[in-house]
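Read the structure below first, then the notes.
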2 protein chains.
Amino acid sequence: MKSAVKQKAMDLLNSVKLRRTNPRVAILGVLLAVDRPLTRDQISTRLGRDAPDKVTIYRTLESFVREGLVHRAFLRERVWHFELADDCTEQQCHPHFTCISCGDTHCFTAVTMPMARSPEEGFVIGHQRVQLEGFCPKCNPNA
Amino acid sequence: MKSAVKQKAMDLLNSVKLRRTNPRVAILGVLLAVDRPLTRDQISTRLGRDAPDKVTIYRTLESFVREGLVHRAFLRERVWHFELADDCTEQQCHPHFTCISCGDTHCFTAVTMPMARSPEEGFVIGHQRVQLEGFCPKCNPNA
DNA sequence: AAATATTTGCAACTTAGTTGCATTTGGCTA
DNA sequence: TAGCCAAATGCAACTAAGTTGCAAATATTT
Ligand SMILES: [Zn+2]
Ligand SMILES: [Zn+2]
Ligand SMILES: [Zn+2]
Ligand SMILES: [Zn+2]
């Protein structure tokens, strides 16, 4: 891991008062190094031989979510995809697009969606998630 | 099951040329009788002692999805929720709201969301799903 | 350095959904 | 109506993401 990324990970852990353990720095480093959500399995793969146990990764991600560093971006094929929460508000994050051909996910950070309005009195919409599917430019059959 | 619902189920099966078996009529009848997505487990519960095997329910739902009668409304807690596809277009369905207090799901059929626009050339957005969470009127802490 | 609370790793578990295969059934034909 | 056959069903076994319990290890405090 680049030392700048490592430092950033350390700083983030400090900022939420989580102990700076090796697994946490490593996992946060992976998330800092990519610009899209990752699954637990993808995180393990990126850490290779040094990857912590999957239970540790799940618990670490859960602690990051609890502290607001990370959010659960979306569930796809019954698998959670996690990413840094720095581009999110409490109410919503950017839409996520997954290519049905190659499976790659793209963050549509430049796309803003209006919040759905409650159809009647009484509903409090705390969070909105927008998921997109289709063909990415690489797999676009019309291109 | 009401005979009108049963007849409607039969008609739907005929319309897509699926054999009218007992499990199919029963499952379609359950979906016709509610106005929200149901899980496989909820379908089994509603059918009680006469419920088909869970494998049959999954395969039946899959055949309905294939024929366009039903769609996978959303995945929540790693569980699929299925509903009739009659209020959906190919591109998107109405938003679904789930109460984080009581767990009830509501179809926001009266709420229309604009389709996200591709942030750059080349993306083909085939489907958009909007999921909402919050408090339903029953559980609204401010009411 | 010792004490203590937190974190980690391992094994076992949970559960939604899937697969293989033998049996049954719907719909067609004679 | 009886018989045929592809399609559908049920059961058991399986798969895989994520969770739980607990003993061992580690970060922080004293
Ligand atoms: Zn692609
Ligand atoms: Zn994202
Ligand atoms: Zn509620
Ligand atoms: Zn709905």
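Just so we're on the same page: letters track the sequence lines, and every chain starts at 1.
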_A/Leu61 CG to D/dT19 C1', straight-line distance once rounded to whole Å_ = 14 Å

*Can you tell me how far C1' of D/dA17 sits from CH2 of B/Trp80, to the nearest Å?*
15 Å

Kindly list each side-chain donor-acceptor pair under 3.5 angstrom involving residues 8-19 of chain A, sequence neighbours excluded, with atom names and distances?
from, atom 1, to, atom 2, distance (Å)
A/Asp11, OD1, A/Gln7, NE2, 3.0
A/Asn14, OD1, A/Arg20, NE, 3.0
A/Ser15, OG, A/Leu12, O, 2.6

*Round to the nearest Å and state the distance from A/Arg66 atom CZ to C/dT6 atom C1'.*
12 Å

Which pairs of donor and acceptor atoms, one on a side chain in residues 63-70 of chain A, lie under 3.5 Å apart (sequence neighbours left out)?
from, atom 1, to, atom 2, distance (Å)
A/Ser63, OG, A/Thr60, O, 2.6

*Using the rule that two of Ile, Leu, Val, Met, Phe, Trp, Tyr join whenever any of their side-chain heavy atoms come within less than 4.5 Å, decide whether A/Val130 and A/Leu75 are in one cluster.*
no

*Phosphate oxygens OP1/OP2 of D/dA8: is one of them under 4.0 Å from a side-chain N or O of B/Arg20?*
no

*Residues in side chain to side chain donor-acceptor pair (under 3.5 Å) with A/Gln131, at least two apart?*
none

*asked:* Counting C-beta onward and ignoring hydrogens, is there a side-chain heavy-atom pair between B/Leu132 and A/His127 closer than 4.5 Å?
replied: no

_If I take atom NZ in residue B/Lys17 and atom C1' in nucleotide C/dG27, what distance separates them, rounded to the nearest angstrom?_
15 Å

*ring-ring contact (aromatic ring centres under 6.0 Å, His included) partners for B/Phe74, two or more places apart*: B/His81, B/His96

*Heavy-atom contacts under 4.0 Å between residues 69-79 of chain B and DNA chain C, which residues?*
B/Arg78, B/Val79

*Whole Å only: how far is the CD atom of B/Glu62 from the P atom of D/dA7?*
17 Å

Please tabulate, for side-chain N and O atoms in residues 97-117 of chain B, each donor-acceptor pair with protein atoms closer than 3.5 Å (sequence neighbours left out).
from, atom 1, to, atom 2, distance (Å)
B/Thr98, OG1, B/Thr105, OG1, 3.2
B/Asp104, OD2, B/Lys138, NZ, 3.2

*Minimum-distance pair of heavy atoms, taken over all atoms of A/Asn140 and A/Phe135*: CA-CB, 4.0 Å

*Using the salt bridge (charged side-chain N to carboxylate O under 4.0 Å, His left out) rule, collect all pairs that involve residues 70-89 of chain B, keeping only residues at least two apart or in two chains.*
B/Glu62-B/Arg72, B/Arg76-B/Glu133

*To the nearest Å, how far apart are B/Asn14 CG and C/dG26 P?*
14 Å

_Any side-chain N or O of B/Tyr58 below 4.0 angstrom from OP1/OP2 of C/dT18?_
no

Nucleotide N/O of nucleotides 7-11 of chain C paired with protein N/O under 3.5 Å:
from, atom 1, to, atom 2, distance (Å)
C/dT7, OP1, A/Arg24, NH1, 2.9
C/dT7, OP1, A/Arg24, NH2, 3.0
C/dT7, O5', A/Arg24, NH2, 3.4
C/dT8, OP1, A/Thr21, OG1, 2.5
C/dG9, OP2, A/Asp53, N, 3.2
C/dG9, OP2, A/Thr56, OG1, 2.6
C/dG9, N7, A/Arg59, NH2, 3.3
C/dG9, O6, A/Arg59, NH2, 2.4

*Residues within residues 31-42 of chain B bordering DNA chain D, heavy-atom distance below 4.0 Å*: none

Report all side-chain donor-acceptor pairs from residues 43-57 of chain A shorter than 3.5 Å, counting only partners two or more places apart or in another chain.
from, atom 1, to, atom 2, distance (Å)
A/Ser44, OG, A/Arg40, O, 3.3
A/Ser44, OG, A/Arg40, NH1, 2.9
A/Thr45, OG1, A/Asp41, O, 3.0
A/Asp53, OD2, A/Val55, N, 2.9

*Under the 3.5 angstrom rule, does the side chain of A/Thr89 hit a backbone N or O of A/Gln92 as a donor-acceptor pair?*
yes

